[in-house]
Number of protein chains: 2
Amino acid sequence: MPRRGRKELILEVACRLFSTKGYHATTIRDISEASGILSGSLYAHIKSKEDLLFEITNFGAEAFLSSLRPIVNGTGTAEEKLRQGLIAHIRVVADNLEAATVFFHEWKALSEERRAIIQKKRDEYESLWEQILEEGINRGEFNPPDPKFARLLTLSAANWLYQWYRPEGPMGPEEVADRLATNLLVGLSNKKEV
Amino acid sequence: MPRRGRKELILEVACRLFSTKGYHATTIRDISEASGILSGSLYAHIKSKEDLLFEITNFGAEAFLSSLRPIVNGTGTAEEKLRQGLIAHIRVVADNLEAATVFFHEWKALSEERRAIIQKKRDEYESLWEQILEEGINRGEFNPPDPKFARLLTLSAANWLYQWYRPEGPMGPEEVADRLATNLLVGLSNKKEV
DNA sequence: CACCAAAACAAGCGCTTGCTTGTTTTCAGG
DNA sequence: CCTGAAAACAAGCAAGCGCTTGTTTTGGTG
């Protein structure tokens, strides 16, 4: 029987190193050293270095998707969905900062096939956000002067979050989400003139 | 005498490869092949692979700084400065998309000392934007409900731009800047209620 | 206790990396 | 036409890479 969480330990260590040094700059021997497992022994638990990257990015993708899907498909106003979606997004970033960083920053290092899998999930995630904005516009809740750029601004804010948000900082996910939502909603709401 | 633009050719090729594959995934032999110069001959023009990365990131940093500084120090309302600054920023991205991508994405691969140099310029660039927002607030032009997040939103939009903007696309820098500014200004302007 | 698969181990293979070396070619200035 | 420095060249070094191999140790199970 496996010692408790050996694979998990390796994933954790790889995640930390990939997020700080980058995938290509991290060597199997780095992971070996940081986890206290000889590099050869690692291969009793993993198939390849790239498998680690895929598992991490896929975990990140699924975390984002599974947290946003029920919100989009649920009931409530578009504004509620936007706020809830932002909270969910920031929670994922806050709870898995390293995995989120790898997901956003290192997915290009994957092989073509696997990159396509992650790309598809990225696209799906973007389209979920689009659904919220569309719903808000169709319902008349949102009336942005420029829907395309309102969407761009929302996604930029979400996608850039991992660059500056620190879980150990003064603001919890809810506060960040709330203030972000408020700022975004100003631009989304019905205004005739600036 | 040097053949015309040999160094420039190498920088151009390196820039393209670094921006698409990443610094660590690009080998000297890749650059050699893509430029038609044998790998050994490259070293008649460069000192090291990392020098190439530094020259590119530093070029990017200087391009952003030198285009924003005169705007911040110039005359005009804060709104004008914001619009002009966005135009300048997008022009830099549009005119040097590959260098901008390397600047935003690969600067972490630099050695500690050089990373510090680039970090300093990044900080200066952020503070220039902050100056514009502060000036707008002090003058009473801007009255955002949440200055900290208004700033964050502005920087996120600017910093994420290189991820989606394509110079060959339908929108020129001016149009993008204008629409982005309009969306941001809604959130910056004096509003009591959403 | 005996068993045996899972895990850890030491060693190293084949290859690629960034870069250097010693030599030859190129080509503008005298 | 010379000359000499700059550039291109072919060859390859030392180090590091991902990963494999053959063997020993470990620890739960009958």
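Residue numbers begin at 1 in each chain, while the letters A, B, ... track the order of the sequences. Everything quoted here is computed from the prediction, not taken from an experiment.
- Between the CG atom of A/D51 and the P atom of D/dG18 there is a distance of 14 Å, rounded to whole Å.
- Residue A/T27 has its side chain nearest to D/dG18 when only D/dA8, D/dG18, D/dA10 are considered.
- With C/dA8, D/dC19, C/dT17 as the choices, the nucleotide that has an atom nearest any side-chain atom of A/S39 turns out to be D/dC19.
- Between B/R6 and D/dA8, a side-chain N or O to OP1/OP2 separation shorter than 4.0 Å is present.
- Atom CD1 in A/I28 sits roughly 16 Å away from atom C1' in C/dG12 (whole-Å rounding).
- At a threshold of 4.0 angstrom between heavy atoms, the contacts of B/T26 are confined to the sugar-phosphate backbone, with no base atom among them.
- For A/H45, a side-chain nitrogen or oxygen approaches OP1 or OP2 of C/dA8 to under 4.0 Å.
- C/dC19 atom P lies 10 Å from atom CG of B/L42, rounded to whole Å.
- Judged by distance alone, the side chains of B/Y23 and A/H24 never bring a donor and an acceptor atom under 3.5 Å apart.
- Taking 3.5 Å as the limit, the base of D/dG16 and the side chain of A/R29 contain no donor-acceptor pair of atoms between them.
- Straight-line distance from the CG atom of A/L53 to the P atom of D/dG18: 13 Å, rounded to whole Å.
- Counting to the nearest Å, the P atom of C/dC19 and the NZ atom of B/K49 are 8 Å from each other.
- To the nearest angstrom, P of C/dG18 lies 10 Å from NE2 of B/H24.
- Between A/L82 and A/T154, the shortest heavy-atom contact is CD1-CG2, 4.4 Å.
- Put simply, the side chain of B/K81 never gets that close to the backbone of B/I132: no donor and acceptor are under 3.5 Å apart.
- Considering only side-chain atoms of A/S41, the nucleotide from C/dT20, C/dA8, D/dC9 that sits closest is C/dA8.
- For the pair A/L9 CG and C/dA7 P, the interatomic distance rounds to 13 Å; values are reported in whole Å.
- When ring centroids are compared, A/F103 and A/Y162 stay outside the 6.0 Å threshold.
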